[in-house]
Amino acid sequence: MTDRIAPEPVIAAARPPRGPQSVIGRLARRPLALVGLAIILLAVLGAVFAPWLTAYDPNEQLFEGLTLEGAPLPPNAQFLLGTDLLGRDLLARILYGARTSLVIGIVANGVALAIGTLVGVVAGFFRGLLGAALMRFTDLMMAFPALLLAICLAAIFRPSLWIVAMVIALVNWVQTARVVYTETSSLARREFVDAERSLGAGTPRILFLHILPHLLPTIIVWGTLGISTTVLLEATLSYLGIGVQPPTPSWGNIIFENQTYFQAAPWLVFFPGAAILALALAFNLVGDALRDVLDPTQRGRLA
Amino acid sequence: MIAYLARRLGQAVLILFGVSVITFALLYLLPADPVRQIAGRSATPETVANIRRELGLDQPFLVQYGRYLAGLLQGDLGRSYLQRSEVSELIAARLPASLLLMAGAIACELVFGLTMGLIAAVKRGSALDQGLMVASFVGVSAPQFVVGLLLLYVFAVRLGWFPIGGYGSWRHLVLPSVTLGILGAGWYARMMRSSMLDVLRQDYVRTARAKGLSRAVVLLRHALPNAILPVIAMVGIDIGLFMSGIVVVESVFGWPGIGQLAWQAIQRVDIPIIMGVTLVSACAIVLGNLLADTLAPFIDPRIKLQ
């Protein structure tokens, strides 16, 4: 193999430029990442400008939204995505539902990421009894069937938007903790940490100036991929009726409310389902591209 | 090896103990009162108090948990509050259906995932490779209840190829298995692709080609067996995904497994059943992980048991 014989370049001249600009530049050259970013942008715009994008109130039960027999309307010129069982405009509910998905996706995942990073860094850097205890607890959490745990938690607290976000965060921090732990414990053993310490740097300086910057790519990648998991979990909890409660629209609870009728009105499952899939897919595509861009050794692999 | 297994099994017991404590504590904190569910709306306060005493629910948390643990150590998962039968019997009656569903899902995810990954690796860099990898992402990002409802609509309601739900013949098994397997198929496609690419880069593959063997023989006889084993060895890890997935999939398809048992028990606050299913699930997840870790060094001798 030629690349095995080739001498290592002494000066890292061919090293790609670093910094946020080069990351965005390299991301922009990946069509799949661009598709993902476009979907995310679309969802954000839809959520923010929902009141201007639709003439209908998502909770208003329209008289003309049902047939004379009381059945929901399929997509038509007046109601672009049709209406639901109560005669509400489906497009309006999906647009406002994007708010729910995004808020929970970002809040729940942000909290999960913070817990995971904290646990991983503490366990990986300080080790000792506390570190061992934290990692054993993480192992324990891995043994829980995530959905059953989330259901039990959601049943204890009365589900509201914020409670659902917290429940998801409490279930989803485990993966991040494990990845951050592995990375921190290998970083903590590297020479540059010893060198810093022998120069007289204290623990906070090493942690914040030397360990955390190295963890940033991992945190960004897992943070992006995690939003996808969060969106799916929220949709599933809401579909089971223990997530976000109607009348607040969420893509999952739209399906929950209408599924009894789905054989006759498949659009009531199809459109919100497509929205969930598109948003989860978008964050997965962007996260995967970020992993390739930020960490070339992981190219095309699973973490 | 034996020492490794003994240590891992010891850890497994500790983990299960932890799971039992946490689940029991969570269910203890549940605001919904199981006694109300049993007694019904019109029950007098005396009846309610009697039932509470009978079930030992008037005792402090530690006493309640101690009793539960004592039963657990003797293999007793307790009695259902509402169904008036042993939890272990209820689970044993439902478990075969869930295992069948998971076997179907494993078959589905391996067949779809490995084939997709193999083709993508062989056609690396082509449009087909790109398309298959997008498909694998769609599989990973698809909410199971939506997949299930759509499959039902297309293949059961519209085309009439499969029954709308229920349990019995192989026809009943197809749609739920595909629904549960799609998520894993996405992962396997990606893992298989990268594993196959690793193998194809090895010297011995080039040697085999240089000897004059055809591309197909090298791919299927020399590369595939080495690429496929580490991927298949990960099936044990899937148990965790399945244990969450069956709650949704079984409820969409009316599949009479432990996922439905758990979901109905949660709605009726039937705590012994929730505890039992959670423990059985955790047990399966721990054993699945142990299986995957123990198999790894047999498949790749560079991996050592630690």
Side-chain angles (χ1 to χ4, degrees), chain A residues 1 31-32 35-36 136-137 139-158 171 225 228-229 231-233 235-236 239-242 251-252 255-256 259 262-264 266 269-270 272-285 288 299-302, chain B residues 11-12 14-16 18-19 22-23 26-27 29-32 130 133-134 137-138 140-147 149-150 152-154 157 164 187 190-191 193-194 197 201 203 206 240-248 251-252 262-263 266-267 269 274 277-278 281-286 289:
Chain A
M1 269 186 179
L32 286 181
V35 172
R136 289 294 82 75
F137 183 63
D139 287 346
L140 204 167
M141 291 293 292
M142 298 276 285
F144 266 106
L147 191 59
L148 274 185
L149 182 62
I151 291 174
C152 287
L153 284 171
I156 292 178
F157 308 105
R158 286 198 70 80
V171 173
L225 293 173
S228 170
T229 323
V231 167
L232 289 176
L233 193 52
T236 305
Y239 164 74
L240 290 172
I242 47 173
W251 294 340
I255 299 178
F256 165 70
Q259 64 164 335
F262 94 101
Q263 294 187 16
V269 171
F270 180 78
I276 302 167
L277 170 65
L279 195 61
L281 179 63
F283 282 108
N284 267 332
L285 289 176
D288 187 65
R299 199 167 297 240
R301 287 160 182 267
L302 290 168
Chain B
Q11 282 174 3
L14 280 183
I15 285 180
L16 290 177
V19 168
I22 292 180
T23 317
L26 285 178
L27 295 172
L29 294 172
L30 219 58
Q130 285 263 323
M133 285 305 103
V134 173
F137 270 124
V138 172
V140 172
S141 316
Q144 283 167 323
F145 60 97
V146 175
V147 174
L149 289 172
L150 287 182
L152 268 181
Y153 181 72
V154 175
V157 178
I164 287 184
W187 288 120
R190 300 180 64 72
M191 280 193 288
R193 178 178 181 273
S194 90
L197 287 178
R201 271 196 288 267
D203 289 344
R206 207 161 28 116
L241 291 179
F242 289 156
M243 284 299 168
S244 287
I246 54 170
V247 178
V248 174
S251 110
V252 169
W263 177 226
I266 287 168
Q267 287 168 311
V269 208
I274 309 177
V277 176
T278 309
S281 306
C283 211
I285 293 173
V286 169
N289 286 338

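Any value given below was found using the heavy atoms of this structure, including those in side chains, with hydrogens, waters and symmetry copies removed.
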- Contact origin within B:Ile15 toward chain A - heavy atom pairs under 4.5 Å: both
- By a 4.5 Å heavy-atom criterion (distance strictly below it), what part of B:Ala262 contacts chain A: side chain, backbone, both, or neither? side chain
- Message: I need the residue from A:Leu140, A:Leu279, A:Val35, A:Leu32 with the largest number of non-hydrogen atom pairs under 4.5 Å to chain B.
- Response: A:Leu140
- Side chain, backbone, both or neither: which part of B:Ile164 has a non-hydrogen atom closer than 4.5 Å to chain A? side chain
- Rounded distance (nearest 0.5 Å) linking atom CG of B:Leu27 with atom SG of A:Cys152: 5.0 Å
- Note on the structure: Rounded to the nearest 0.5 Å, the CD1 atom of A:Ile276 sits from the CH2 atom of A:Trp251 at a distance of 7.5 Å
- Note on the structure: Of A:Pro266, A:Gly252, A:Ala235, A:Pro272, the largest count of non-hydrogen pairs under 4.5 angstrom with chain B goes to A:Pro266
- Message: Report which part of B:Val147 has an atom under 4.5 Å of a heavy atom belonging to chain A: side chain, backbone, both, or neither.
- Response: neither
- Can you tell me how far the CG atom of B:Leu241 sits from the CG atom of A:Leu147, to the nearest 0.5 Å? 11.5 Å
- Beyond-backbone contact of A:Thr236 with B:Val248, side-chain heavy atoms, under 4.5 angstrom: yes
- Task: Check whether A:Phe137 gets within reach of chain B through its side chain, its backbone, both or neither, counting any heavy atom under 4.5 Å.
- Result: side chain
- Task: Taking all heavy atoms of A:Ala146 and all of B:Ser244, pick out the closest pair and write down the distance.
- Result: N-OG, 3.2 Å
- Hey, which of B:Phe137, B:Phe145, B:Tyr153 has the most heavy atom pairs under 4.5 Å with chain A? B:Phe145
- Note on the structure: Per-residue tally against chain B (heavy atom, under 4.5 Å) across A:Asp139, A:Leu285, A:Val269, A:Leu240 peaks at A:Leu240
- Rounded distance [0.5 Å steps], CG in B:Asn289 versus CD in B:Gln11: 11.5 Å
- Under 4.5 Å from a heavy atom of chain B, the part of A:Ile242 involved: side chain
- Message: Distance check, rounded to the nearest 0.5 Å: A:Leu149 atom CG versus B:Leu26 atom CG?
- Response: 6.5 Å
- Please look at B:Val138 and chain A and tell me whether the side chain, the backbone, both or neither of the residue comes under 4.5 angstrom of a heavy atom of that chain. both
- Query: Which bit of B:Gln144 is near chain A, if near means a heavy-atom gap under 4.5 Å: side chain, backbone, both or neither?
  - Reply: neither
- Item | B:Val286 versus chain A, the contacting section by heavy-atom distance below 4.5 Å | side chain
- Most contact-rich option vs chain A, by heavy-atom pairs under 4.5 angstrom, among B:Ile274, B:Leu14, B:Leu150, B:Ile22, is B:Ile22
- Indicate yes or no for a side-chain donor-acceptor contact from A:Ser228 to the backbone of A:Asn284 under 3.5 Å, with no hydrogens or angles considered. no
- Item | Pick from B:Ala142, B:Gly245, B:Pro143 with the largest number of heavy-atom pairs that fall under 4.5 Å of chain A | B:Pro143
- Task: Taking all heavy atoms of A:Ala280 and all of B:Ser141, pick out the closest pair and write down the distance.
- Result: CB-O, 3.6 Å
- Working to the nearest 0.5 Å, report the span between CG of A:Leu233 and OH of A:Tyr239. 15.0 Å
